[in-house]
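For the numbers below, each heavy atom of this structure counts, side chains included, while hydrogens, waters and symmetry mates do not.
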Amino acid sequence: MTLNSALKISSTGLTAERFRMDVISSNIANSNSMKVGDKMPYRRRLVDLSGTPDGVEIVGVKQDMNAFRTAVEPGNPNADANGVVTYSNVEPVNEMVNMMSASRAYEANIAAFNSAKGMIRSALSIGK
């Protein structure tokens, strides 16, 4: 592995974790959406990442097929005939934990990138 490939691998990790944070942010923003008429509430999204010899690859985004949250709220205009309101399957506390994990991974990739960059600078200064 060369130092240039270390920079490339760290940059793919940065890109992947930034994308993951964007998806998590979208999940949090839509955590209180509810079923309105025939339109179903927001379904949580998950990012599929894969490790390759060249770094991290974003495989895709899939929907979390876990059940929606329900609450009995007979006064809610979006309640069904039984007074039940269907909410998104996003749990904000879990999303915040995932956001912290993605943020830490992003910071770790920055540290690895900066270390490789420092080694390249040191190697270039040997010839002086």
Side-chain angles (χ1 to χ4, degrees):
M1 177 185 285
T2 66
L3 289 175
N4 285 336
S5 64
L7 291 174
K8 182 180 176 189
I9 289 170
S10 290
S11 69
T12 63
L14 288 168
T15 301
E17 294 304 332
R18 178 64 206 177
F19 183 74
R20 193 170 147 224
M21 285 190 277
D22 289 342
V23 171
I24 293 168
S25 296
S26 177
N27 288 342
I28 293 170
N30 290 289
S31 65
N32 287 323
S33 69
M34 63 181 76
K35 180 179 178 182
V36 178
D38 291 337
K39 186 175 179 188
M40 296 306 288
Y42 178 86
R43 191 170 284 280
R44 179 176 180 245
R45 283 156 176 74
L46 303 165
V47 178
D48 282 337
L49 299 177
S50 175
T52 68
D54 296 325
V56 181
E57 180 180 299
I58 300 169
V59 176
V61 178
K62 64 181 182 179
Q63 291 187 348
D64 182 355
M65 299 311 290
N66 287 330
F68 291 117
R69 290 181 294 131
T70 58
V72 178
E73 298 175 10
N76 192 317
N78 295 313
D80 63 12
N82 298 322
V84 176
V85 179
T86 304
Y87 287 97
S88 172
N89 63 347
V90 175
E91 293 292 335
V93 173
N94 292 340
E95 295 302 315
M96 288 304 298
V97 170
N98 290 337
M99 179 68 81
M100 288 172 46
S101 169
S103 177
R104 297 290 186 259
Y106 189 86
E107 291 169 2
N109 277 295
I110 289 174
F113 187 90
N114 287 336
S115 292
K117 188 170 71 170
M119 285 188 255
I120 290 171
R121 280 190 183 145
S122 295
L124 291 174
S125 68
I126 290 174
K128 288 184 179 180

Contacts under 3.5 angstrom, residues 76-86 side chains, donor-acceptor by atom type, not counting sequence neighbours:
unit_1 : atom_1 : unit_2 : atom_2 : d
Asn76  : OD1    : Asn78  : N      : 2.8
Asn76  : ND2    : Glu73  : OE1    : 2.9
Asp80  : OD1    : Asn82  : N      : 3.0
Asp80  : OD1    : Gly83  : N      : 3.1
Asp80  : OD1    : Val84  : N      : 2.9

My understanding is that only residues two or more places apart in sequence, or in another chain, count here; which of them pass side-chain contact (heavy atoms from CB on, under 4.5 Å) with Asn89? Arg43, Arg44, Asp64, Asn66, Phe68
Counterpart residues, side-chain hydrogen bond (donor to acceptor under 3.5 Å, both in side chains), relative to Arg18 (two or more places apart): Asp22
Results of side-chain hydrogen bond (donor to acceptor under 3.5 Å, both in side chains) for Ser101 - residues two or more places apart only: Arg20
May I have the step-by-step check of side-chain contact (heavy atoms from CB on, under 4.5 Å) for Asn30 and Ser88, ending in yes or no? CA-CA 7 Å; Asn30 290 289; Ser88 172; 5.6 Å; no
For Val56 and Ala16, work out which heavy atoms get closest and say how close. CG1-CB, 3.5 Å
Hey, any chance Tyr42 and Val36 share a hydrophobic cluster, counting ILVMFWY side chains that come within less than 4.5 Å of each other, even indirectly? no
Sorted by chain and number, sequence neighbours left out, side-chain contact (heavy atoms from CB on, under 4.5 Å) with Ile28 holds for Ile24, Glu95, Met96
Can you tell me how far the CD1 atom of Ile110 sits from the OG atom of Ser115, to the nearest 0.5 Å? 12.0 Å
Enumerate the salt bridge (Lys or Arg N to Asp or Glu O under 4.0 Å) contacts for residues 103-116, please, sequence neighbours excluded, ordered by first and then second residue. Arg104-Glu107
To the nearest 0.5 Å, what is the distance between NZ (Lys8) and OG1 (Thr2)? 10.0 Å
Do Leu124 and Phe113 sit in the same hydrophobic cluster, where Ile, Leu, Val, Met, Phe, Trp and Tyr count as joined when their side-chain heavy atoms come under 4.5 Å apart? yes
Contact between Ile58 and Leu49 at the side-chain level, heavy atoms closer than 4.5 Å - yes or no? yes
Let me confirm one number: the CZ-CG distance from Arg45 to Asn27, rounded to the nearest 0.5 Å. 7.5 Å
Rounded distance [0.5 Å steps], CG in Leu14 versus CZ in Phe19: 15.5 Å
Taking all non-hydrogen atoms of both residues, which atom of Ala71 and which atom of Tyr87 are closest, and how far apart? CB-CE1, 4.0 Å
Closest contact, heavy atoms only, Leu7 versus Ala116: CD2-CB, 3.7 Å
Report, as yes or no, whether the 6.0 Å neighbourhood of atom CE on Met100 holds more than 12 heavy atoms from other residues, nucleotides or ligands. no
Within the distance-only criterion (no hydrogens, no angle test), does the side chain of Asn109 pair as donor or acceptor with the backbone N or O of Ala105 below 3.5 angstrom? yes
Heavy-atom nearest pair, Ser31 first then Val90, reads CB-CG1, 3.7 Å
Look at the side chain of Ser103 and the backbone N and O of Met99, then say whether any donor-acceptor pair between them is shorter than 3.5 Å. no
State, yes or no, whether a side-chain contact exists between Asn32 and Arg69 at a heavy-atom distance under 4.5 Å. yes
